[in-house]
Amino acid sequence: MPELPEVETVVRELNKKLKGRLVKVVVVNSPKMVGVGPATLSPKRQIEVEKVKRFIGTIKGKEFVSVTRRAKLLIFNLSGSWSMLVHLKMTGQFIFEDAKLQERTQGFYRLLNKPHAPLVKMPSKHTHVVFKFTDGSVLYFNDVRKFGYMKLVHDKEMGQVRELQEFGPEPLNKNFTELCFFTAVKKHNRRQIKEILMDNKVVAGIGNIYSDEILFHARVRPNRKAVGIKNYELSNIYKYIKPVLLKGIQAKGSSVGDFVRTDGSVGQMGKYHFVYGKRGRKCKKCGTIIESIKVGGRTGSYCPSCQK
DNA sequence: TATATTGTTACACC
DNA sequence: TGGTGTAACAATAT
């Protein structure tokens, strides 16, 4: 489940690997996942031949200049004033294969973080878009659930991209101050704290995994309403946001579900999870059995002894 | 075959 | 108007 640290991992790896590469061939296997223009791709995305042609036509011959991120959205800056916005949603993956990796893997990858996951040959049945570069290297975009998307936007239309408008501050930036966090939380007095942490308008990029982990370290249960949270507890939550996310980036992400790095390897953050996905297991700190509850329709896990 | 999964948005209601 | 709560949606694995 790519959240900020997973997306950041992919951004850093791709930025390094794609910089300066020239697109020679684009293959679109799932037309519904691509778009051109700032508009939201509608749920009833039609299979439009023209749209696919424009997508391919626009990106062919362009150079990848840099890769950046806003919240969980990847932004590929292309030559000619175009950007490609990519959301991985639940199960999106990028695999970048150059001659060296091709030689090592022969094109086969174990793309699930399970001991007996089968080796998969790229492109697989879940590969929806392929970019081939002039030097022979290849970028694969995979998505088992097909919830993700890729959309090309001209820079002069970037202001009209809705999903970029309302994001709150980036938690790793200096402008994400304790005051700004307190103010944002107190606007949502009646909501549960886990929901608030996962609200991208309050703070960008935090999802189910990292909200659980942050709340564990801050010793606050996920279902507490904001109004009942003491200032020192809120202060603790703020205090742990940055280090937990940084730890995730340092470990190259959590390979929960389908997340893999751009060479197909798994992130190591799962080793450091205290509560996420640990229901029924013993708390690493106190041995109490981890419990889970529904918060805003999502599963939140917590230690009933460590978290109050 | 019913269910669970998550990020995001839509919508009704107060 | 805007906070709140709920549901819907995407598609697949199990």
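Residue numbering restarts at 1 for every chain, and letters A, B, ... go by the order of the sequence lines.
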Protein-nucleotide distance (A:Lys32, atom NZ; C:dT12, atom C1'), rounded to Å: 12 Å
Rounded distance (Å) that lies between atom P of B:dT6 and atom CG of A:Leu4: 18 Å
Pair A:Glu50 + A:Arg54: basic N to acidic O under 4.0 Å: no
SB check A:Glu233 A:Arg224 (cutoff 4.0 Å): yes
side-chain N/O A:Lys72 vs B:dT8 OP1/OP2, d < 4.0 Å: yes
Candidate nucleotides C:dG3, C:dA13, C:dT6, ranked by approach to the side chain of A:Lys187 - the nearest: C:dG3
Touch class at under 4.0 angstrom, heavy-atom based, for A:Asp143 against every strand present: nothing
Atom-pair distance (CG on A:Asp199; C1' on C:dT4), nearest Å: 12 Å
Separation of atom CE in A:Met90 from atom C1' in C:dT14, rounded to whole Å: 13 Å
Salt-bridge criterion met for A:Asp199 and A:Arg191 (N-O under 4.0 Å): yes
Separation of atom CD1 in A:Ile206 from atom C1' in B:dT8, rounded to whole Å: 16 Å
Proximal nucleotide (of C:dT12, C:dA10, B:dG7) relative to the A:Phe147 side chain: C:dA10
Whole angstrom value for the distance that separates P of C:dA11 from NZ of A:Lys125: 15 Å
First encountered from the 5' end of DNA chain C, between A:Lys225 and A:Arg145: A:Lys225
Below 4.0 Å: OP1/OP2 of B:dT5 and any side-chain N or O of A:Thr299: yes
Ring geometry between A:Tyr238 and A:Phe181 (parallel below 30°, tilted from 30 to 60°, perpendicular above 60°): tilted
A:Lys146 side chain near C:dC9 phosphate (N/O to OP1/OP2, under 4.0 Å): no
Within the 6.0 Å centroid threshold, strictly below: A:Phe94 and A:Tyr140: no
Pairing of A:Lys252 and A:Glu13 as salt bridge, 4.0 angstrom limit: no
Presence of A:Arg162 side-chain N/O under 4.0 Å of B:dA10 phosphate oxygens OP1/OP2: yes
For atom CG of A:Leu85 and atom P of B:dG7, their distance in whole Å: 19 Å
Per A:Arg191 side chain, nearest of listed nucleotides C:dG5, B:dG7, C:dA13: C:dG5
Angle by which the axis turns from one end of the helix from B:dA2-C:dT14 to B:dC14-C:dG2 to the other, five pairs per end, to 10 degrees: 50°
Touch class at under 4.0 angstrom, heavy-atom based, for A:Lys186 against every strand present: nothing
Sugar-phosphate only, base, or nothing, as touched by A:Arg190 at under 4.0 Å among non-hydrogen atoms: sugar-phosphate
side-chain N/O A:His87 vs B:dG7 OP1/OP2, d < 4.0 Å: no
Residue-phosphate contact under 4.0 Å: A:Asn200 side-chain N/O, B:dG7 OP1/OP2: no
Heavy-atom donor-acceptor pair, A:Asn200 side chain to A:Gly205 backbone, under 3.5 Å: yes
Any donor-acceptor pair under 3.5 Å from A:Ser211 side chain to A:Asn208 backbone: yes
Protein-nucleotide distance (A:Lys89, atom NZ; C:dT12, atom C1'), rounded to Å: 15 Å
Donor-acceptor pair (no angle test) under 3.5 Å: A:Arg298 side chain, C:dT6 base: no
Results of salt bridge (charged side-chain N to carboxylate O under 4.0 Å, His left out) for A:Lys278 - residues two or more places apart only: none
Phosphate contact (B:dT6 OP1 or OP2) by A:Lys194 side-chain N/O below 4.0 Å: no
Sugar-phosphate only, base, or nothing, as touched by A:Tyr276 at under 4.0 Å among non-hydrogen atoms: sugar-phosphate
